[in-house]
A.B. asks: 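This is the structure, below, for whatever I ask next.
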Amino acid sequence: MLSYLARRLAGASVVILGVASLVFLLIHLIPGDPVEIMLGEAASVTDREALRTVLGLDQPLIVQYLQYLDRLLHLDLGNSFHSRRPVMGLLLERLPATLMLAGAALAVTLLLSVPLGVMAAMRRKSVWDTGAMTFSMLGVSIPNFWLGPLLILVFSLWLGWFPVSGREGAGSLVLPALTLGTGLSAVLSRMVRS
């Protein structure tokens with residue numbers, strides 16, 4: 001059991017290192033100068049060089065990569081270019097809303113998938129089974145990036161039942177939870193049926 005866990009942890013570590021390395025490479029391959037973006041085109045050469053030194057962009061690429069990995073290891077994600085605040089603080093600030101949405105999406109998933117899967121399993125080759133599996137196929141087929149705006153269009157703009165965005169009570173959680181929970185419930189209802 002311990003050897004299995006050690007192999008899984010080693011495999012996960014390799015994947016995390018690979019993803020972090022790929023992100024570092026992509027950031028450095030994207031055209032454009034982050035210093036120029038931060039200061040603007042009208043900034044003087046001395047200001048650009050000073051910011052480049054502060055950010056460590058004057059270091060060789062391998063030194064930048066090792067510093068990047070060291071900061072990731074210590075969960076130092078740096079400061080946001082937009083708000084100039086620590087990124088970790090921004091993430092922790094939004095964590096409660098994320099957890100609330102994840103919990104609501106999980107509740108939608110369970111409330112849809114378990115009854116549909118059980119009903120389809122108990123009444124195989126009936127109208128219930130066909131309806132549940134049709135819902136399942138639609139849920140798997142419709143992508144979230146299409147379903148979300150469609151739900152907003154119908155239930156927020158046309159009917160006015162829910163807010164379009166924001167975090168103003170339980171009503172603002174319904175459409176995002178339905179969007180996220182529908183796709184997963186489609187897959188889970190097929191598993192429950194089997």
Side-chain angles (χ1 to χ4, degrees), residues 1-109 140 142-149 152 164-168 172-173 175-188:
M1 176 69 177
L2 278 155
S3 64
Y4 173 74
L5 186 61
R7 281 195 316 268
R8 296 297 288 186
L9 286 175
S13 301
V14 170
V15 169
I16 290 171
L17 179 65
V19 169
S21 301
L22 185 64
V23 167
F24 179 83
L25 258 170
L26 289 175
I27 287 173
H28 282 78
L29 289 175
I30 293 173
D33 186 11
V35 172
E36 190 174 298
I37 293 170
M38 290 174 75
L39 294 178
E41 295 178 14
S44 67
V45 176
T46 55
D47 288 341
R48 288 181 188 185
E49 290 305 316
L51 184 59
R52 202 177 302 282
T53 302
V54 168
L55 294 176
L57 297 175
D58 59 341
Q59 303 286 330
L61 200 59
I62 188 70
V63 173
Q64 290 181 40
Y65 176 67
L66 293 175
Q67 288 175 347
Y68 167 76
L69 290 179
D70 182 56
R71 287 188 188 125
L72 276 181
L73 193 63
H74 292 97
L75 298 177
D76 177 13
L77 302 177
N79 292 328
S80 166
F81 290 141
H82 179 67
S83 67
R84 308 270 191 246
R85 291 177 46 207
V87 172
M88 185 57 83
L90 292 171
L91 290 174
L92 291 175
E93 194 176 283
R94 286 158 175 82
L95 187 63
T98 304
L99 292 175
M100 189 181 302
L101 178 58
L106 182 63
V108 166
T109 299
V140 170
I142 298 174
N144 287 344
F145 62 82
W146 188 80
L147 180 62
I152 289 172
V164 174
S165 65
R167 224 178 131 195
E168 303 142 8
S172 60
L173 197 60
L175 295 182
L178 273 175
T179 302
L180 294 174
T182 303
L184 189 56
S185 68
V187 174
L188 194 58

A.B. asks: Any side-chain heavy atom of Thr182 sitting closer than 4.5 Å to one from Thr109?
C.D. replies: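 Answer no - side chains too far apart.
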
A.B. asks: Any side-chain heavy atom of Leu17 within less than 4.5 Å of one from Leu69?
C.D. replies: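 In contact.
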
A.B. asks: Would you name the heavy atoms of Leu72 and Ala20 that are closest together and state the gap between them?
C.D. replies: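 Scanning both residues, the minimum pair turns out to be CD1-CB, 3.8 Å.
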
A.B. asks: Can you measure from OH (Tyr4) to CG (Leu9) and round to the nearest 0.5 angstrom?
C.D. replies: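 Answer for the OH-CG pair, Tyr4 versus Leu9, is 10.5 Å.
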
A.B. asks: Working to the nearest 0.5 angstrom, can you tell me the gap between Glu49 CD and Leu57 CG?
C.D. replies: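 The CD atom of Glu49 sits 10.0 Å away from the CG atom of Leu57.
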
A.B. asks: How far apart are the closest heavy atoms of Gln64 and Gly56, and which atoms are they?
C.D. replies: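 Minimum heavy-atom separation between Gln64 and Gly56: CG-O, 3.4 Å.
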
A.B. asks: When rounded to the nearest 0.5 angstrom, what is the spacing between CG in Leu147 and CG in Leu180?
C.D. replies: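 Spacing of CG (Leu147) from CG (Leu180) equals 9.5 Å.
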
A.B. asks: Measure the spacing between CD of Gln59 and CG of Leu66 and express it to the nearest 0.5 Å.
C.D. replies: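 Here the rounded value is 11.0 Å.
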
A.B. asks: Between Ser83 and Ser80, which heavy-atom pair has the shortest distance, and what is it?
C.D. replies: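 Closest approach of Ser83 to Ser80: N-OG, 3.2 Å.
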
A.B. asks: Could you tell me if the side chain of Leu91 sits less than 4.5 Å from the side chain of Leu77, heavy atoms only?
C.D. replies: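 A side-chain contact under 4.5 Å exists here.
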
A.B. asks: With rounding to the nearest 0.5 Å, note down the distance linking CG in Leu55 to CG in Leu51.
C.D. replies: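 It comes to 4.5 Å.
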
A.B. asks: Locate the shortest heavy-atom distance separating Ser165 from Glu168; write the atom from each residue and the value.
C.D. replies: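 That closest heavy-atom pairing would be O-OE2, 4.0 Å.
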
A.B. asks: Please give me the minimum heavy-atom distance between Val108 and Gly181, naming the atom from each residue.
C.D. replies: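 For Val108 versus Gly181, the nearest heavy atoms are CG1-CA, 4.1 Å.
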
A.B. asks: So do Gln67 and Val63 actually touch side chain to side chain, heavy atoms under 4.5 Å?
C.D. replies: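 Val63 reaches Gln67 side chain to side chain.
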
A.B. asks: Which heavy-atom pair separates Asn144 from Pro149 by the least distance, and what is that distance?
C.D. replies: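 Shortest heavy-atom contact: O-CD, 4.2 Å.
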
A.B. asks: If the condition is ring pair (Phe, Tyr, Trp, His ring centres under 6.0 Å), which residues does Tyr65 pass it with, not counting sequence neighbours?
C.D. replies: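 Tyr65 satisfies ring pair (Phe, Tyr, Trp, His ring centres under 6.0 Å) with Phe24 only.
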
A.B. asks: Calculate, to the nearest 0.5 Å, the distance between atoms CZ and CG belonging to Arg52 and Asp47 respectively.
C.D. replies: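 It is 12.0 Å, given to the nearest 0.5 Å.
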
